[in-house]
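Report on the following structure.
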Amino acid sequence: MSDLSSSLPAAAAALSAEDRDDLVNVLKNKLQSLAVRESDMLKNLTPSVRKHVEALEQIQNQHNELEAKFFEERAALEAKYQKLYEPLYTKRYEIVNGIVEVEGVSEASGDRGDDKGTEEKGVPNFWLNAMKMNEILTEEITERDEEALKYLNDIKWSRLDGSKGFKLEFFFDPNPFFKNTVLVKTYYMHDDDELILEKAIGTDIEWHPSKCLTQKVLKKKPKKGSKSAKPITKTEKCASFFNFFNPPAVPDDDDEEEKDEEDAEELHEQLEQDYEIGSTIRDKIIPHAVSWFTGEAVELNEFQDTEEEDDECDEDDDEDDDEDSDDE
């Protein structure tokens, strides 16, 4: 099984009151079982040392009880704000797709709309351009994909009921590429001390004839002397953002043992990349879409990366100074 950890705060978001109670009860039961269980090391301690360790365990139990309350209150707070975000996402959808008109005219835009004869509605290609500004997603989007992604009018995410998994929904206007109006990607997670990806499932895309973006058709001329004069056609899988909806299967333990080390490592990388794309859309693109569209988020990311590089350089310099001091 491939370990793909996620943060506990995100896992607790958008839970119902009943689900939050279940989460807290599970945490309490786990913590109590750990407190009751005695390790071999504890049994081998002298009475004096064991007495001190038991006192420390009591402190730890008090900490665990507080931590359980913290998880409960944090889950409730995150669920509260998740609901508060919804009206803002609805307004964003209406503005992006020209459902509502925005009063006033930007000074920077001037009268450019009049030059075209007709005023554009909303923000064309909003989600396409927002995703292309992200360094992870832009690697997945090909030129062929762009024409289809221009019909993308909204992206939403939601937590799965009674689960720590999540679902991404991509909403499309009618388009010449596929029949689906919604493409869904669902990540199922289970908790085994840390969140682990159980499986990922995507929508089967109903492509219009000769419009499939995840495959390319190769034609070969028939060999000399062949009875058929028609070219030989062959389809091959090709790079496309829409491969995101056909994720690699998570192997069970038996399948993983049968794979050789190289294949297992390649599959692990594919699963990590797939999860990284999904979590990037959920955690970065959806909540901060306009900042990616304008490029503000890119500048912020570059600044943060520069800060991290500077910190690493400072650490390296400190290590060099320590080595020089030792030499002296």
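For K284, there are no side chain to side chain donor-acceptor pair (under 3.5 Å) partners, not counting sequence neighbours. Residues that satisfy the side chain to side chain donor-acceptor pair (under 3.5 Å) test with S240, not counting sequence neighbours, are D145. Listed by chain and number, the residues in a side chain to side chain donor-acceptor pair (under 3.5 Å) with D274 are K185, Y187 (sequence neighbours excluded).
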For E73 and K69: C-alpha separation, side-chain torsions, deciding distance, then whether salt bridge (Lys or Arg N to Asp or Glu O under 4.0 Å) applies. CA-CA 6 Å; E73 293 180 12; K69 292 180 180 178; over 6 Å; no
Given K199 and T186, is the side chain to side chain contact (heavy atoms under 4.5 Å, CB included) satisfied, shown in steps? CA-CA 8 Å; K199 60 181 177 180; T186 308; over 6 Å; no
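Scanning all heavy atoms of the two residues, the minimum distance from K150 to N125 falls at CG-OD1, 3.2 Å. Across all their heavy atoms, A200 and P247 have their closest contact at O-CG, 3.3 Å. Nearest heavy-atom pair across R144 and C238 is NH1-SG, 3.6 Å. Across every non-hydrogen atom of F170 and L168, the tightest pair is CE1-CB, 3.8 Å. In terms of heavy-atom proximity, E146 sits nearest to L128 at O-CD2, 3.7 Å. Contact detail for C212 and T214: the closest heavy-atom pair is SG-OG1, 3.2 Å.
The backbone N or O of L137 sits less than 3.5 Å from a side-chain atom of N134, completing a donor-acceptor pair. Panel note: side chain N64, backbone I59; no donor-acceptor pair is recorded below 3.5 Å. Between the side chain of H52 and the main chain of S48, a donor-acceptor pair closer than 3.5 Å is present. In this structure, T138 contributes its side chain and E135 its backbone to no donor-acceptor pair below 3.5 Å. Remark: side-chain polar atoms of N175 are not paired, donor with acceptor, to backbone N or O of A148 under 3.5 angstrom. N97 places a side-chain N or O within 3.5 Å of a backbone atom of N153 that can act as its donor or acceptor partner.
The side chain to side chain donor-acceptor pair (under 3.5 Å) test with H268 is passed by exactly one of E272, E265, E266, Q270: E272. Each of F178, F245, W127 was checked for a ring pair (Phe, Tyr, Trp, His ring centres under 6.0 Å) with F172, and the lone residue meeting it is F178.
Note: the hydrophobic cluster containing L66 does not contain L77 (ILVMFWY, side chain heavy atoms under 4.5 Å, direct or indirect links). Put simply, W292 and Y85 are part of the same group of oily side chains (I, L, V, M, F, W, Y) that touch within less than 4.5 Å, one to the next. Following chains of ILVMFWY side-chain contacts shorter than 4.5 Å, one cannot reach V184 starting from Y93, and the two form parts of different hydrophobic clusters. By the criterion of side-chain heavy atoms lying less than 4.5 angstrom apart, applied directly or through intervening Ile, Leu, Val, Met, Phe, Trp or Tyr residues, I286 is grouped together with Y81 in one hydrophobic cluster. No single ILVMFWY cluster, assembled from side-chain heavy atoms under 4.5 Å apart, contains both F171 and V100.
Atom OG1 in T203 sits 11.0 Å away from atom CG in N246 (nearest 0.5 Å). Interatomic distance, CE of M131 versus CD1 of I136, reported as 13.5 Å (0.5 Å rounding). Here CD of Q215 is found 12.0 Å from NZ of K234. Values are rounded to the nearest 0.5 Å. Here K91 contributes atom NZ and I99 contributes atom CD1; the two are 14.5 Å apart, rounded to the nearest 0.5 Å. Going from atom CZ of R159 over to atom CD of E78 covers 9.0 Å, rounded to the nearest 0.5 Å. Expressed to the nearest 0.5 Å, how far OG of S210 lies from CZ of F177 amounts to 10.0 Å.
In E262, the CD atom is not crowded: 12 or fewer heavy atoms of neighbouring residues, nucleotides or ligands sit closer than 6.0 Å. Surrounding CD of E101 are at most 12 heavy atoms belonging to other residues, nucleotides or ligands under 6.0 Å away.
Side-chain atoms of N61 and E65 form no donor-acceptor pair, as typed in the model, at a separation below 3.5 Å.
In this pair, F241 and F244 present their aromatic rings parallel. The plane angle is below 30°, not in the 30 to 60° band.
Taking the six-membered ring for Trp and the full ring otherwise, W207 and F242 have centroids separated by under 6.0 Å.
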